[in-house]
**Q** 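To start, I am sharing the structure in question, which I have written as C-alpha cells.
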There are 2 protein chains.
Amino acid sequence: MPVASDETRDSGPDRISEAEYAVMEPLWERSPLTALEICEVVCSRRDWSLATVKTLLSRLVAKSAVATEPDGRRFLYTPLLEKDEYTGSESLRLVDRLFGGRAAPLFAQLAEAEALTDDDLAEMEALLKELRK
Amino acid sequence: MPVASDETRDSGPDRISEAEYAVMEPLWERSPLTALEICEVVCSRRDWSLATVKTLLSRLVAKSAVATEPDGRRFLYTPLLEKDEYTGSESLRLVDRLFGGRAAPLFAQLAEAEALTDDDLAEMEALLKELRK
DNA sequence: TCATGACAACTACAGATGTAATCATGCAGG
DNA sequence: CCTGCATGATTACATCTGTAGTTGTCATGA
C-alpha cells in the first residue's frame, strides 16, 4: 500500500501576493541574497521594516516560491519561481479574466489609455512580423 | 476656515475584488438587473448562493461601483463603474507592476505562452497600422 | 565566561475577501 | 386580518494579506 500521505502537501502553484512579489523582485535581479540585503532594496521603497521582509520571505518559502540555504548564521534566499513563470501566468490570468482570453482587446485598452510608447509600438511591430512569418 | 470634513469620505476609486467582478459581469451585459437575475447568471458558474451575491452587491454599492434603484419590493442594480474603466485600470496596473510600464514585454510573454490567436494577431496588426498612421 | 547583537522563528493583529446564515419587514393571498 | 414568502440588511466567520513585535538561539568580543 502507498505510504500514508504526510501533511506536507505539495500545495500546487500557490499564488503569491503583491507584497510577496515586491520581495521576489530583488531576488530575480540577483540571487542568492540575505534577508538584510533584500530589505536594503525594498524597505526604503515600501517603507517596511526588516521584520516585514522576513515574514514575507517565510511565506514565500512556505509556498515553495523561494528556497533557503543556510550560510552560517543566516540564510541565503534563492527564487524557485522564475520571474517569467510568474509574469506569464499573471498575464494569462488577466487576459482570461478580463478579456475572455483574447489579447487583442487588451491591446486596444492599452492603446486607448495611451499606455503604448513609440518603442512599444516598434517592438510589437517587430514581434508581430516575426510571429506571422 | 474650511468646513469640518464629515465622515462620508468619497473614498476614491476602491478596488473591486475578483468575486465582486464576477457580479459586475452580468450587469455590464445588461442592466439594470435584480439580485435574483444576477444570481441566475453567476450562482451556477461559481456555485454560489443568492446570499453571497447579495453580500457582494452591497459591497459594490458601498464602493460606489453599482447604483441601486428601488423597484417596489426589490432593487434594481446598475453599474456605475464602466467595464472599460475597470479593465483599463487593471491592465495598466499589471503592465506597471510586472513590466515596468512597458507593454511590449507583456505581449512577448503572451506570445511565448502561445496565447495569441491568429485573430489576435490580425486585429493587433490592424490596430498597429492605425496607431502609427 | 558572559553580555550583546544578529538572525530566524513564532506570535499578533487589523483589514480585506469569500462565503454564507439569520433577521426583519412589507406585500399578496387566504 | 393574519401568515408566509420574497428580498434587503445585519451578522458571522474562516482565510488571506499587510505589517509588525517578541522570543529563542547562537557566535563573538570584552
Side-chain angles (χ1 to χ4, degrees), chain A residues 7-9 11-25 27 32-78 86 90 93 97, chain B residues 7 9 11-25 27 32-78 81 86 90 93 97:
Chain A
E7 281 319 297
T8 60
R9 312 204 43 61
S11 71
D14 264 321
R15 302 204 8 94
I16 83 179
S17 78
E18 200 166 321
E20 287 160 1
Y21 172 79
V23 167
M24 295 297 291
E25 278 188 308
L27 287 171
L33 293 178
T34 68
L36 189 57
E37 288 169 327
I38 294 171
C39 185
E40 272 157 15
V41 177
V42 298
C43 286
S44 42
R45 300 215 241 282
R46 314 263 305 210
D47 194 38
W48 279 347
S49 78
L50 176 58
T52 298
V53 171
K54 287 183 181 170
T55 299
L56 293 171
L57 277 171
S58 62
R59 288 180 185 171
L60 286 166
V61 169
K63 292 178 182 179
S64 307
V66 316
T68 55
E69 164 196 4
D71 172 48
R73 203 74 306 281
R74 62 261 176 90
F75 274 130
L76 296 180
Y77 297 88
T78 314
Y86 178 74
E90 284 303 300
R93 271 178 57 81
R97 283 197 328 115
Chain B
E7 283 317 299
R9 313 204 42 59
S11 71
D14 263 320
R15 304 205 2 95
I16 82 178
S17 77
E18 199 166 321
E20 286 159 1
Y21 173 79
V23 166
M24 294 299 290
E25 278 188 307
L27 287 171
L33 293 177
T34 67
L36 189 58
E37 287 168 329
I38 294 171
C39 184
E40 271 157 15
V41 177
V42 298
C43 286
S44 42
R45 300 215 240 281
R46 313 263 308 209
D47 194 36
W48 280 347
S49 77
L50 176 58
T52 298
V53 171
K54 288 185 180 169
T55 299
L56 292 171
L57 276 171
S58 61
R59 288 179 185 171
L60 285 167
V61 169
K63 293 180 182 178
S64 306
V66 315
T68 54
E69 165 196 0
D71 171 48
R73 205 70 309 275
R74 62 261 178 90
F75 275 131
L76 297 181
Y77 298 89
T78 315
L81 177 67
Y86 179 74
E90 285 301 301
R93 272 178 56 81
R97 284 197 327 115

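Letters A, B, ... are given to chains in the order of the sequence lines, protein chains preceding strands, and every chain is numbered from 1. All figures in this text were calculated on a predicted structure; none of them were measured in a lab.
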**Q** What integer distance in Å separates A:Phe75:CZ from C:dA6:P?
**A**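 It works out to 19 Å between those atoms.
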
**Q** If you measure from CD on B:Glu90 to CZ on A:Arg97, what distance do you get to the nearest 0.5 Å?
**A**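 Interatomic distance, B:Glu90 CD to A:Arg97 CZ, rounded to 0.5 Å: 6.5 Å.
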
**Q** At under 4.0 Å between heavy atoms, how does the protein contact nucleotides 14-27 of chain C? Give one character per nucleotide, 5' to 3', with B, S or -.
**A** ---SBBBB----SS

**Q** Assign B:Leu57 to base, sugar-phosphate, or nothing according to its heavy-atom contacts below 4.0 angstrom with the strands shown.
**A**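 Answer is nothing: B:Leu57 stays at 4.0 Å or more from every strand.
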
**Q** Between atom NZ of B:Lys54 and atom CD1 of B:Ile38, what is the distance when rounded to the nearest 0.5 Å?
**A**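 B:Lys54 NZ to B:Ile38 CD1: 11.0 Å, rounded to 0.5 Å.
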
**Q** Are the side chains of A:Tyr86 and A:Met24 in contact, using a 4.5 Å heavy-atom criterion?
**A**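 In short, these two side chains do not touch, never coming nearer than 4.5 Å.
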
**Q** Let me see the working for A:Glu37 and A:Arg74 under salt bridge (charged side-chain N to carboxylate O under 4.0 Å, His left out), right down to the final yes or no.
**A** CA-CA 12 Å; A:Glu37 288 169 327; A:Arg74 62 261 176 90; over 6 Å; no

**Q** Using the rule given for side-chain contact (heavy atoms from CB on, under 4.5 Å), can you reason through A:Leu33 versus A:Leu76, listing the C-alpha separation, both sets of side-chain angles and the distance that settles it, and then say yes or no?
**A** CA-CA 5 Å; A:Leu33 293 178; A:Leu76 296 180; over 6 Å; no

**Q** Looking at every non-hydrogen atom in both residues, tell me the closest pair between B:Arg93 and A:Glu18 and how far apart they are.
**A**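 That would be NH2-OE1, 3.0 Å.
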
**Q** Rounding to 10°, can you tell me the angle the first-five-pair axis of the helix from C:dT1-D:dA30 to C:dG30-D:dC1 makes with its last-five-pair axis?
**A**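 So the angle between the two local helix axes works out to 30°.
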
**Q** Using the side-chain contact (heavy atoms from CB on, under 4.5 Å) rule, take A:Tyr77 and A:Val53 through it: C-alpha gap first, then chi angles, then the decisive distance, then the call.
**A** CA-CA 12 Å; A:Tyr77 297 88; A:Val53 171; over 6 Å; no

**Q** What range of DNA chain D does chain A touch, first nucleotide to last, counting atoms under 4.0 Å from its heavy atoms?
**A**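 The footprint of chain A covers D:dT17 to D:dA27.
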
**Q** Quick check for you: to the nearest 0.5 Å, what is the distance between A:Arg45 atom CZ and A:Cys39 atom SG?
**A**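 Rounded to the nearest 0.5 Å, the CZ-SG separation comes to 11.5 Å.
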
**Q** Applying side-chain contact (heavy atoms from CB on, under 4.5 Å), run through A:Val23 and A:Trp48 and close with a yes or a no.
**A** CA-CA 11 Å; A:Val23 167; A:Trp48 279 347; 4.1 Å; yes

**Q** Do you know the tightest heavy-atom contact between A:Leu56 and A:Ala19?
**A**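 Nearest pair, atom of A:Leu56 first, then A:Ala19: CD1-O, 3.8 Å.
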
